[in-house]
Amino acid sequence: MNAETFEIICNVLAFFMLFMAIMISTTSTVNRMIPLYQIQSGLLALITGFTAVQFINQKLLYGMVVLVFSAVPLLLLLIIKPLLVLASVPEDVSPEKRIKRLFDKQVLGEARQRAYPAWLAQCTTRPIAFGTALLDLFLLTLAFLIAFSLVKKPLTANLLAISFSLLLLGLSVMRSKTDIISQIMGLLIMEHGMFLAAIRLIPMSLAIVAFVVSLILYVMVTLTILVILLPDIHRISGTIQVDQQERLQG
Amino acid sequence: MPFLACAAVLVFRRKPGWLNACTILFSLISLLASLRLADEVLKASEPPSFDFFPAVALYLDSLSIYFVLLVNLVAFITSIYAIPFLKYDQQYNRFHNPAYFHAFLNLFHLTMLLVPMVDNLVILWIAVELTTIFSTLLVHYQRSQWAVEASWKFLMITTTGIIFALLGTLFLINAIPPKTEESIMRWSMMLNRDIVNNLDKNLVMLSFLFVLIGYGTKAGLAPMHTWLPDGHGEAPSPVSALLSGVMLKSALYAILRFYVVTNLVFSPAFTSMLLILAGLFSLILATPFILKKNKFKRILAYHSLEHMGIITFGIGIGTSAALFGALLHVLNHALTKALMFLVYGNIQYAHSKHLQSSSADEEEQISGVLKSMPLYGTFLGLGGLALVGSPPFSIFMSKLMILWSAISEVLHPSTTISIPRGILIGAVVLFVVTVTMIFGGLVSHVSRVLLGKPLIRSDESKPSWYSLALMTPFVFLIFMLFVFGVCIPDWPIDFPQLLNNCVEILQQGRVTGS
């Protein structure tokens, strides 16, 4: 396959990623968001894999590196659900044990049974407004306008627009949802957008490696929130609602 | 290469046991090493750079060494005050864990040292992000209701913001014409004339915008500053000192690097406009929050917002004198703010018994410090005076420099920086008004703490060696503030020369020998 075909395939996949992001933004409960997010991660892993193959044809080393990095979205795909489940259930354990519990099936099963009602409870607190969808559309238009006015090549511009709108949609998700888990979902969507941009838009060089490393760090931050901060928030306020976190003002 | 040794020990010292001594000793070593290094950098004709691995190269020009010095100085003084903090913490915190605290304090120090030293712009982003992680864990350390909420807000807002900085960096890479990719991202090589002239202008402009939003969030520029009072207010005092004193400046340093590149591509008017607006907006937003009644540490945090505004304003004016003043202000503010946070922290510990018996919200009740703890009261008073910018302290000097150069820019507009005159006049007026109002606000807050009915009985009648030893760094800091207010010393290193070099770097990208 030549480079053009690769480019087109990646564009199509990226469009599906965008579609998932819009779905997430307009979904109201966490348990419906998770599969959508997982599909998005899978698509990103596919795009990364394609890019790696493309790079291997030109320069073996970089291609291999990118191939290894495609494991990151895959890993997120697998790990996100247990992480979110455990983070939604308040439990007073030390951070070291929290990581171990991720791989304990029994603990997970119990936690899941307690997490689902908690997520469903979010659903009733705030229905997704029509305004959110409108805002999303506006953000999308903005992203595409900016991207196409910047870059001449349509396929590249398209990818730039998609990753840019993923960033904006992530922000929109953070704005419209009221529970902490969905806020993290927003962060993760933004991270996907950046990952897409880093993989597809940077000319092949060492810079791409540096970029992907920095994105892994970004994922680490999110995990820090999930593993270290969230359980403490639970311990103290007993809820995952953002409105409850308003003691510090002015 | 003394700094190699310094970096090595910084990594090394993470082992627990003799924690306090270890931290203090190593931060002293790294301070001395950086002084020595600064001397070498000043003498060298080419800025030294070290390539360990193509992507992770270190590059040290005057600007970076200036920030390295700043970080080391504040970190050294802060490390001393980890002792009283941990002592207090031991009594009142059920999650007391000194090894954890020291480990992250040192890691935080290390990452903040990395920020000004790295050459690669993506690695710069990584370093800034690392400072976020470690400082969040430090804010989170006490694990009280407030601390957890503050660290949550801090982490969410800064990570959301900073991803835009990464996007900005990505745009800058794409702006570089193809076939010069080998030099990509190396800041030292970006300054090359061939590369600068061929950069894609639109992308560079967009890149600077995003970088300003991204790192601006971290530097606490309004309107992305909302994490700042929470983070500073709820963190342990030594950490607040580090956050306000140097972490904000590390983010500022990142902005400065992009500022130089953008200025080489465009006329400086574009960046000047943006920075002046950002600075003024921070100043205006900080004012009402300082005037209103609030926790003292939160007041100090809003005051950091004001000072970041002043610094950004100074950089926005962009003449040599303004840049000089802004850079000097970075140092002055870091020292003064560290002094204030640390002194106030110690006052808080002394009042801890009283505070614990009542609810934590009544922390605002601390008053009459001048009577109950006369020495600390004096330090706080002097620090407060220095902070609001009264002579003979150094902040007065640097504020005056910035204001003076702004006014002279209005009177005799230079040809290189063409900001519309009306805007500039309005900006200067706003600057003066807000600074004056903040002056009044802070004085009233400081006097609230200092005067009034003392809450605790004086325990300074027979001072122990320990408490006297704790005070010496404060004396030293106030002395330094005074010295910098009167003249800029050229010992132990040639500060005027260093600052001049920095200004030259900000204007042209490198020192053109003299």
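Every chain is numbered from 1 and lettered A, B, ... according to where its sequence line falls, protein lines coming before strand lines.
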*Between B:F289 and B:Y302, what is the ring plane arrangement, given parallel below 30°, perpendicular above 60°, and tilted in between?*
parallel
*Proximal component of B:L170, with respect to chain A [non-hydrogen, under 4.5 Å]*: both
_Proximal to chain B - members of residues 157-165 of chain A, heavy-atom separation under 4.5 Å_ = A:L160, A:F164
_Which label fits B:H232 and B:W227: parallel for a plane angle under 30°, tilted from 30 to 60°, or perpendicular past 60°?_
perpendicular
*Any luck finding a side-chain donor-acceptor pair between A:S70 and A:T48 under 3.5 Å?*
no
*So among B:F134, B:F108, B:Y141, which one has a ring pair (Phe, Tyr, Trp, His ring centres under 6.0 Å) with B:F101?*
B:Y141
Indicate every side-chain donor-acceptor pair of residues 121-131 of chain B with a distance under 3.5 Å to a residue at least two apart or in another chain.
| unit_1 | atom_1 | unit_2 | atom_2 | d |
| --- | --- | --- | --- | --- |
| B:W125 | NE1 | B:I162 | O | 2.9 |
| B:T131 | OG1 | B:V128 | O | 2.4 |
| B:T131 | OG1 | B:K218 | NZ | 2.8 |

_Note: B:E234-B:K297 ion pair, threshold 4.0 Å (strictly below)_ = no
*asked:* With a 4.5 angstrom heavy-atom cut-off, is it the side chain or the backbone of B:L167 that approaches chain A, or both, or neither?
replied: both
*Measure centre to centre between the rings of B:H140 and B:F154, then say whether the value is under 6.0 Å.*
no
*Identify which of B:L203, B:L137, B:N202, B:I163 forms the greatest number of heavy-atom pairs closer than 4.5 Å to chain A.*
B:I163
